[in-house]
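Worksheet for the structure shown next.
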Amino acid sequence: MSLRGDWLLFKTKRSRLKQQVATSFLHPGRRTDELAPGKFKQPDQVRTVPLPNSRLVTLMPTEPTHQHVVIFHGGAYTVPTTESHRQWMELIADKLGATATMVDFPLAPESTAVQTVPAALEAYQELQLAYPDDYFYWLGDSSGAGLALVLLQQLRAKQLPMPKGTLLISPWADLAMRDPEIEARNQGDPELPLQAMRTVAANYAGNLVLEDPLVSPINGELDHLGEISLWYGTTELLLPDHQILAEKLKQADGTQVDVHELKNMLHDFLLWHGLPESHQVFHRLQQMFK
């Protein structure tokens, strides 16, 4: 773990971050649009495509490219995209020279997995039609990484083209969270509020059981999902589920996975994109480009 990572852990343990995250999960705001073109450094490079149940927001790099990163944002399926997610898009366009698109999918409690999954899948298919010559790579964090896993399973089942590679940060892959170690880890995680997450999980599942693969992709078929890079930290409440997912992916046929378990790192550490560990993630993403 880097010195910056150590400092971040020290700082968050002495902050009210956990309470703030719980509030954002249980009372998500809808007034601020962090993907509005005026929020970007180069608003003229932003293209917004409204869809019936979602939205695509694309940031074009200065030079033409066929490398295209599709982002599925975290936020427990309830919180909209944040400033950090917008900054990822700018970093991908400016530093990696790739096109970056955020899939702005429907959120709970207004929508459930039954609406969110098909809307996100339709949005990705629309993106493929709009950029038929592009090579697509996926980046998902937390719940967005869980959604990305669900969508990979959907693409495979429907025999649709898969992305060239997928990078998952701290995926919320099991919304049931039934491993007894998770309850024991709740006190030690300075970021994730377990009880608030249980409420959000029930809202997102709707009439589905939490174990349904449409909600919890760890219970779905993980074969033939292509190249996956999995990153998570050891301070995380969800560490047991991350480790189970890592083993399942390693054993899956037709799925190539590299696993990065980072000592003392926080959940969804990429939100702090200035960390050396976050730089490693973006470097790994660039390595995926073919």
With a cut-off of 6.0 Å (strictly less than), are more than 12 heavy atoms of other residues, nucleotides or ligands near [atom1] of [X]?
X	atom1	value
R198	CZ	yes
K18	NZ	yes
Y135	OH	no

**Asked** Centroid-to-centroid, F289 to Y137, below 6.0 Å?
**Response**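 Ring centroids of F289 and Y137 are less than 6.0 Å from each other.
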
Between [Y] and [X], is there a side-chain heavy-atom distance shorter than 4.5 Å?
X	Y	value
L127	T58	yes
T12	S15	yes
I218	K248	yes
T81	M102	yes

**Message:** With side-chain contact (heavy atoms from CB on, under 4.5 Å) as the criterion, how do D141 and F269 come out once you've worked through the C-alpha distance, each side chain's angles and the decisive distance to 0.1 Å?
**Reply:** CA-CA 9 Å; D141 67 302; F269 63 91; over 6 Å; no

Ignoring hydrogens and geometry beyond distance, is a side-chain donor-acceptor pair present between [X] and [Y] at under 3.5 Å?
X	Y	result
H242	E236	yes
Q115	T112	yes
Q87	E83	yes

If I compare all heavy atoms of [X] with all of [Y], which pair ends up nearest, and what's the gap?
X	Y	result
L175	A201	O-CB, 3.7 Å
A176	S216	N-OG, 4.0 Å
S24	V79	O-CG2, 3.5 Å
T255	L225	OG1-N, 2.9 Å
P171	G146	CB-N, 4.1 Å

**Asked** After noting the C-alpha distance and the side-chain angles of N264 and T235, does the key distance pass the side-chain hydrogen bond (donor to acceptor under 3.5 Å, both in side chains) rule?
**Response** CA-CA 5 Å; N264 292 334; T235 67; over 6 Å; no

**Asked** So, does S54 use its side chain to make a donor-acceptor pair with the main chain of A120 at under 3.5 Å?
**Response**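 No, the answer is negative, given that no donor and acceptor are paired below the 3.5 Å cut-off.
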
**Item:** Check: G75 main-chain N/O paired with S143 side-chain donor or acceptor under 3.5 Å
**Value:**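 Side chain of S143 to backbone of G75, a donor-acceptor pair under 3.5 Å: yes, one is there.
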
**Request:** Show your reasoning for whether side-chain hydrogen bond (donor to acceptor under 3.5 Å, both in side chains) applies to E277 and S2.
**Result:** CA-CA 7 Å; E277 291 82 358; S2 66; 2.9 Å; yes

**Message:** Testing L151, I71, L168 one by one against W138 for a side chain to side chain contact (heavy atoms under 4.5 Å, CB included), which residue passes?
**Reply:**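 Exactly one option meets the side chain to side chain contact (heavy atoms under 4.5 Å, CB included) with W138, and it is L151.
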
**Request:** Output, in order, the C-alpha distance, side-chain angles, deciding distance and verdict of salt bridge (Lys or Arg N to Asp or Glu O under 4.0 Å) for E227 and R284.
**Result:** CA-CA 12 Å; E227 182 180 1; R284 178 69 184 93; 2.8 Å; yes

